[in-house]
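What follows is a short report on a single structure.
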Amino acid sequence: MWGFRGARFIRYRLPLREGQVAAAKWGRGTSGNLGGMTSPVRVRFAPSPTGTLHLGSARSALNNWLFARHHGANGTYVLRIEDTDQERSTPENVEQALRVFRWLGMDWDEGPGVDGPFAPYFQSQRQDTYGAALGKLMDRSAEPVDRYAYPCFCTKEQLAEDRAAADAAKRPFIYTGRCRNLDEEERANRVAAGDAHVIRFRIPDAGTTVVHDLVLGDTSFENALIGDFVIARADGSPLYNFANVVDDAAMEITHVIRGNDHLSNTPKQILLYEALGAAVPAFAHLPMVLGPDGAKLSKRRHHTSTVEQLAESGYSPEAVRNALALIGWSKDDVTNVMSTAELIEHFDITRVKKSAAAIDYDKLSWLNGEHLRAMSVADWAAGYEAWRDEWLPADHELHAAAFALTGVEAALLVQEKCVTWGEVPAYLGFLLEPFAMSDEAWARLQKTGDVGVRVLEHVVPMLETLDDFGMESLEAALRGACDALELKPGKLFGPVRFAVTGQTIAPGLWESMHELGRTRTIERLRAGRDRLAATLASA
RNA sequence: GCCCCGUUCGUCUAGUGGCCUAGGACGCUGGCCUUUCACGCCGGUAGCACGGGUUCGAAUCCCGUACGGGGUACCA
């Protein structure tokens, strides 16, 4: 009689209760509080600082952030840097990664720069924690007896042979367990003698481990198929699955929200949590993010596959958040455009769908346009100026155009026309000197023919004597000219616009003329009239 | 190979056994508006992967097939 939604809800709450038991174990958290709504919720995003943030990763980060913020004061968003790869984890790369996060506007409660009760938040500084956890797992006097860590002296050659044998027999390769049952004395002797060894984690031979997933539901894995896996390298450094669990347990993470590519790691991690005596967090595996062609999103194949590229193109962070949130999740059947506040209010991890989703750049652009148009002039101007200061190089051909106006002035001209801030400078190109009419504009001016000449001849003296060169005055004058010449607005504004802006894409006419000023406007009208008349005469 | 996950218009999605001759959005497209470009408005286009069940009734539940994806490391 349970509806599916009801069943999901039950699953959603169970892990929270487990979390509280564990919190009590650590002497932290809220004991005895069984109200789901007030349980603290702690999530994290743990990127490796490679210098770029992939859209798929950004989506994971966003879902964690929205989940935490949705829980208000009870939600904590932790940023932990997985910088164990010393080569790529340079301070510059870390700083670059943090810059991207700040741009995306996902503030973290604990992590680099702010620290917190579980510092440090860099894996490279947490060796002691991993060492202690390893010691705990290797202590054979501890429970449970079928889950522990042991040194494995198998050489790479031996393992390669095992693997080859498994392949030949068409059997899945599972670690044979050769070093699992060495006697304690031999182990101790070989370790003391300095024999190279990794540390493996012993898992039960039988039984299944089931992952209760907020997105996928229950998924079970046979323990026998997992095999004792390596948790520490020969040099003692921890492997991902181990470091991740140790950190998440230590930081009291209650919900692990991550990409679906981690699903098969999860049973291993659950076993690890149990062996460590730590609370198993709730899991939510997000559907993979695909490129527009349905292939896995990659920098190579897809032009804007990183957050940096979107920032550079002039997208607004809020629109990107909106678009990212909509990958695999929806508020309902009709809502698309949402402010971040709305995202936070409505975000529900249990509504995330299971299947992979291709990112739709067309829709992203549309969303961006919607957000840009909905902004206040002040916000739009600030965003535009931030973009142009950060991303438009001084030697760019449109640099001068972009800086010809303030953000507020530009907003008045083109806010409702642009899909991204990156498009703004091109609209402003008409303001630059020396003036040069584009080929397309000239072609269209030519098409106006004799009418065009008449219009320009009429308009020049009119504007020379116009008292006020303000926008309203200009509009009134130009509309008046339509009556005087008995022309439809379209016929009259066309030649004027092409002559004045020299472009086929430009802001509104009176706005443009006003911004250009009387002298330059009239100069251009005259030049256009002369050129057009000369061309017609010689034809 | 083995394990796991998934499959609704081209794309993102709504859908939890009757409200579905499947709704919305992007895209594409016809038209209107119009001062270029946009915006806006009205309309059109197109989908439940396939095959079996269960049921009075299936996009929805079950089984199988196909296809796609993830994993199978001293990567993360």
Side-chain angles (χ1 to χ4, degrees), chain A residues 3-8 46-48 50 82 84-85 152 154 156 159 163 166-167 169-174 196-200 211 213 215-217 219-222 225-227 229-235 237 239-241 243-244 259-267 285 287-288 290 292-296 323 326-337 351 353-367 369-370 373 414 416-419 423 426-427 440-441 444 475 478-479 488-494 496-498 501 503-510 512:
Chain A
F4 189 28
R5 191 179 287 282
R8 276 191 172 190
S48 54
T50 55
E82 308 218 327
T84 48
D85 181 342
C152 169
C154 295
K156 294 201 171 175
L159 293 171
R163 189 179 304 275
D167 284 351
K170 298 207 172 197
R171 309 228 48 176
F173 171 71
I174 296 165
H197 64 278
V198 298
I199 305 296
R200 279 184 192 274
V211 177
D213 193 283
V215 172
L216 299 170
T219 303
S220 44
F221 296 83
E222 301 245 6
L225 263 22
I226 298 175
F229 57 99
V230 179
I231 57 177
R233 297 184 179 89
D235 66 2
S237 62
L239 258 2
Y240 167 77
N241 276 132
N244 217 251
N260 190 256
D261 48 338
H262 288 290
L263 180 62
S264 43
N265 284 326
T266 310
H285 288 94
M288 300 302 284
L290 273 24
D293 53 0
K296 200 179 172 187
L326 252 20
I327 297 176
W329 174 82
S330 62
K331 169 181 176 286
D332 53 36
D333 57 339
V334 293
T335 310
N336 288 293
V337 183
R351 265 189 72 84
K353 55 177 272 170
K354 304 176 183 187
S355 49
I359 182 154
D360 185 346
Y361 290 107
D362 285 328
K363 194 157 180 175
L364 201 211
S365 291
W366 170 76
L367 270 173
E370 292 287 314
R373 269 177 251 114
V414 299
E416 49 186 86
K417 293 177 182 291
C418 291
V419 164
E423 294 174 358
Y427 271 95
E440 308 83 66
R444 285 173 68 167
E475 178 174 1
L478 288 164
R479 289 202 187 280
K488 284 186 175 173
K491 289 283 181 195
L492 185 129
F493 297 150
V496 174
R497 131 164 280 118
F498 298 128
T501 66
Q503 304 292 326
T504 53
I505 299 177
L509 228 204
W510 13 104
S512 300

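The sequence lines fix the lettering, A, B, ..., with proteins before strands; numbering per chain opens at 1.
Between A:Y361 atom OH and B:C28 atom P there is a gap of 17 Å when expressed in whole angstrom units. Rounded to an integer number of Å, the gap from NZ of A:K331 to P of B:A25 is 15 Å. What separates CG of A:L263 from C1' of B:G71 is a distance of 9 Å, to the nearest Å. The CG-C1' distance, from A:L216 to B:G6, rounds to 9 Å in whole Å. Residue A:I226 contributes atom CD1, which lies 13 Å from atom P of B:A73 at whole-angstrom precision. In this structure, the CE atom of A:M288 is 8 Å from the C1' atom of B:G69, given to the nearest Å. Per the geometry, CG belonging to A:D261 stands 17 Å off P belonging to B:C75, to the nearest Å. Residue A:I231 contributes atom CD1, which lies 16 Å from atom C1' of B:C75 at whole-angstrom precision.
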Protein and nucleotides 10-14 of chain B: nitrogen or oxygen contacts under 3.5 angstrom:
unit_1	atom_1	unit_2	atom_2	d
B:U11	O2	A:D360	OD2	3.4
B:C12	OP1	A:A358	N	2.8
B:C12	O2	A:K363	NZ	3.3
B:U13	OP1	A:G328	N	2.5
B:U13	O3'	A:S330	OG	3.3
B:A14	OP1	A:S330	OG	3.3

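Rounded to the nearest Å, the gap between the P atom of B:G53 and that of B:U16 is 25 Å. Distance check on atom P: B:A46 versus B:C41 gives 23 Å, rounded to whole Å. Taking the C1' atom of each, B:A38 and B:G47 are spaced 31 Å apart, rounded to whole Å. Rounded to whole Å, the C1' atom of B:G43 lies 41 Å from the corresponding atom of B:G52. On the P atoms, B:G23 is 13 Å away from B:C48, given to the nearest whole Å. The separation of B:C9 from B:A22, taken at their P atoms, amounts to 14 Å, rounded to a whole angstrom.
Contacts of A:T335 with the nucleic acid, taken as non-hydrogen atoms under 4.0 Å apart, are absent. Counting non-hydrogen atoms under 4.0 angstrom, A:H262 reaches a base of the nucleic acid. Using a 4.0 Å heavy-atom distance criterion, A:G508 is classed as a base contact. Contacts of A:L509 with the nucleic acid, taken as non-hydrogen atoms under 4.0 Å apart, include base atoms. At a threshold of 4.0 angstrom between heavy atoms, the contacts of A:V230 are confined to the sugar-phosphate backbone, with no base atom among them. As judged by a 4.0 angstrom heavy-atom cut-off over every strand, A:R171 is placed among residues making no nucleic acid contact. Among the heavy atoms of the strands, none lies under 4.0 Å from A:D167. Nucleic acid contact class of A:E82 (heavy atoms, under 4.0 Å, all strands): sugar-phosphate only.
B:U34: no Watson-Crick or G-U partner with both key distances under 3.5 Å is found in any strand. Here B:C48 sits opposite no nucleotide as a Watson-Crick or G-U wobble pair (both hydrogen-bonding atom distances under 3.5 Å). Across all strands shown, B:U29 is found opposite B:G43 as a Watson-Crick or G-U wobble partner, with both distances under 3.5 Å. Look at B:C56: its Watson-Crick or wobble partner, with both distances under 3.5 angstrom, is B:G18. As the counterpart of B:U72, B:G1 is assigned, both hydrogen-bonding distances of the Watson-Crick or G-U wobble pattern falling under 3.5 Å. Across all strands shown, B:G6 forms a Watson-Crick or G-U wobble pair, both distances under 3.5 Å, with B:C67.
Looking at A:D213 and A:T219, their side chains never come closer than 4.5 Å, going by heavy atoms from C-beta outward. Side-chain contact between A:K488 and A:F493 is absent, with no heavy atoms from C-beta onward closer than 4.5 Å. Contact of the A:E82 side chain with the A:N244 side chain is registered, since non-hydrogen atoms from C-beta on lie closer than 4.5 Å.
More than 12 heavy-atom neighbours from other residues, nucleotides or ligands sit within 6.0 angstrom of CZ on A:R373. The environment of CD in A:E416 is sparse: at most 12 heavy-atom neighbours from other residues, nucleotides or ligands sit within 6.0 Å.
For A:Q503 and A:A232, each mapped to the nucleotide of RNA chain B holding its nearest heavy atom, the one lying further toward the 5' end belongs to A:Q503. Both A:G494 and A:T219 sit near RNA chain B, but only A:T219 has its closest nucleotide nearer the 5' end.
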Q | Base versus backbone protein contacts along nucleotides 38-44 of chain B [heavy-atom cut-off under 4.0 Å; B, S, -] | A | SSS----
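A:S365 contributes atom OG, which lies 9.0 Å from atom CG of A:D360 (distance to the nearest 0.5 angstrom).
In terms of the side chain to side chain contact (heavy atoms under 4.5 Å, CB included) criterion, residue partners of A:A323 (sequence neighbours excluded) are, by chain and number, A:L364, A:L367.
You'll find that the side chain of A:T504 is closest to B:U36, out of B:C74, B:G1, B:U36.
Donor-acceptor pairing under 3.5 Å is recorded for the side chains of A:T266 and A:H285. A donor and an acceptor atom, one from each side chain of A:T501 and A:R497, are nowhere located under 3.5 Å apart.
Pairing each heavy atom of A:A232 with each of A:V198, the nearest pair is O-CB, 3.3 Å. Shortest non-hydrogen contact noted between A:I226 and A:P267 is CD1-CB, 4.0 Å.
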Q | Test side-chain contact (heavy atoms from CB on, under 4.5 Å) applied to A:W366 and A:N336, step by step | A | CA-CA 10 Å; A:W366 170 76; A:N336 288 293; 4.0 Å; yes
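On a pure distance criterion of 3.5 Å, no polar donor-acceptor pair joins the side chain of A:N244 and the base of B:A76.
The side chain of A:R233 contributes an N or O atom lying less than 4.0 Å from OP1 or OP2 of B:A76.
More than 90° away from 0 lies the glycosidic angle of B:C37, which makes this nucleotide anti.
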